[in-house]
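To start, the structure under review is shown below, and the notes come after it.
Just follow the structure's listing: the first ligand is 1, and inside any ligand the first atom is 1.
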Amino acid sequence: MAKERIIYACQSCGFQSPKWLGKCPDCGEWNTLVEEKIERAPHPRGELVLGTNEAPAPISAITTAEKGRVLSGIGEFDRVLGGGLVPGSVILIGGDPGIGKSTLLLQAFAALSQEGLTCLYVSGEESQRQIKMRAERLGIVSPNLLVLSETSLEKILEQVKKIKPSVLVIDSVQTIFTSSLPSAPGSLSQVRESSGSIIVLAKKSGLSTFLIGHVTKDGSLAGPRTLEHMVDTVLYFEGERGHNFRILRAVKNRFGSTNEIGVFEMKEAGLREVSNPSELFLSERPLRAPGSAVICSIEGTRPILVELQALVSSTFLAVPRRTTIGVDHNRVALLVAVLEKKMGLKLYNQDIFVNVAGGVHVDEPAVDLGIVTAVGSSYEEKAIEPRTVLFGEVGLAGEIRGIAQAEARVKEAGKLGFDRCILPLSNSRQLTHIKTPELSGISSLAECWNIIF
Ligand code: TYD
Ligand code: MG
């Protein structure tokens, strides 16, 4: 007879404790420990491990025999996956509610089914009719795209074994439950157990699987963190409320580069890929307005032009405000100090707000020059020439340091019709073969000021 044991499991990180605690000692979250019943019956673990009884083999003797990647035809989606879908891989997609995860996967599956793959879309959140209504809106008609509305793990596995699809999506892992555990659907052990079974099935049968996961308030994937370790690829689907564009970002990828992003725009008829994001991010830029600078940032392997805005206004507070959206707060504080010391700007009695237009986040040293010039431009009330792009790292002595992938950045600026590029001198020396845009190599902030103001 199975003996029941009660444990308390943190719903955020998976920590287990024999007694209830208000604060999880592992991840520091409050009120996350929930009572869960554990049956000590012999668990069907045999089925849940990946073991194949193989003997160790020399690495040179192992043949990969990798089946080719499958392209969905949605370029942005394939790029984030590292150049197409690897058969047998398991991909976790997280994102805020209503951001468009279901829409994205329905569209991707429609595209994959057009390639002749049998796709199974399992939804624990919507009925078949609801999915059909969405598909109608997206203009999807494909006999290879099968839709199942189900939350029971056992029934899903049964259907998968019967239909033998090539790709599977579980929308979402938090709604799936197994009857072998007494705890409620959505609880940590349920999510871990049911996803675990699906992952094992996927690995064994070479079935590519997408798992959709909800995101908690602090932005991490809800439920077990452990899930991130079990899957091959973790993608986040992000976007700002009130903005139409969405960014698909890889944060872990066993089959490709991370930091790769795909940009989409949410339209009336679903998601449309944006193959030239720079154009989109710069579309509403005010020309000849002080405090606006265009920078070129590298996201993954692609350069993207974004507009950085700064507003400097005198304050009546003892400690002036430094508010930033889309760039690192500490970085801005540091650069403001450099501006005060090296360029003599009196910023100690000024509030400074820095924002990256369009709701994107840029986080690399190359944006430094954009931040200092946007702040300088707002302070001086002088606009930067609108057809100028800037990038470069700013050091504490006010020197401009070289950055990576300068050529790609310069070319992107040229492609979008910019005619001047202000960049670190060390980079411009290596790019003498580029004629347009005109390159102005600088080695100090003072030189930069001479050029733009
Ligand atoms: P959805 O895919 O249901 O989000 P998630 O699965 O991440 O919760 O997307 C829902 C939102 O997308 C909804 O607010 C409406 C919007 N939407 C469109 O603007 N156009 C469309 O064609 C579709 C299908 C959805
Ligand atoms: Mg959904």
Item to check | Lys/Arg N to Asp/Glu carboxylate O, Arg302 vs Glu412, below 4.0 Å | outcome: no
Item to check | Check: Glu307/Gln309 side-chain N/O donor and acceptor closer than 3.5 Å | outcome: yes
Checklist entry - Can you tell me if Ser275 and Glu76 form a side-chain donor-acceptor pair at under 3.5 Å? => result no
Next on the checklist: Just to be careful: counting only protein atoms that are N, O or S, how many fall under 2.8 Å of the Mg ion (ligand 2)?
Outcome noted: 1
Next on the checklist: Under 3.5 Å, is there a donor on one side chain and an acceptor on the other for Asp351 and Ser313?
Outcome noted: no
Item to check | Set of residues satisfying salt bridge (charged side-chain N to carboxylate O under 4.0 Å, His left out) with respect to Glu154, sequence neighbours excluded | outcome: none
Checklist entry - Between the side chains of Glu125 and Thr175, does any donor sit under 3.5 Å from an acceptor? => result no
Next on the checklist: Looking at Glu238 and Arg249, is there a salt bridge between them, counting it only when a charged N and a carboxylate O are closer than 4.0 Å?
Outcome noted: yes
Item to check | For Arg285, all residues meeting salt bridge (charged side-chain N to carboxylate O under 4.0 Å, His left out), sequence neighbours excluded | outcome: none
Item to check | Amino acids in close contact with ligand 1, where any non-hydrogen atom sits under 4.0 angstrom away | outcome: Asp96, Pro97, Gly98, Ile99, Gly100, Lys101, Ser102, Thr103, Arg134, Arg137, Leu138, Met266, Lys267, Glu268, Ala269, Gly270
Next on the checklist: What I want to check is whether the side chains of Asn144 and Thr118 have a donor and an acceptor closer together than 3.5 Å.
Outcome noted: no
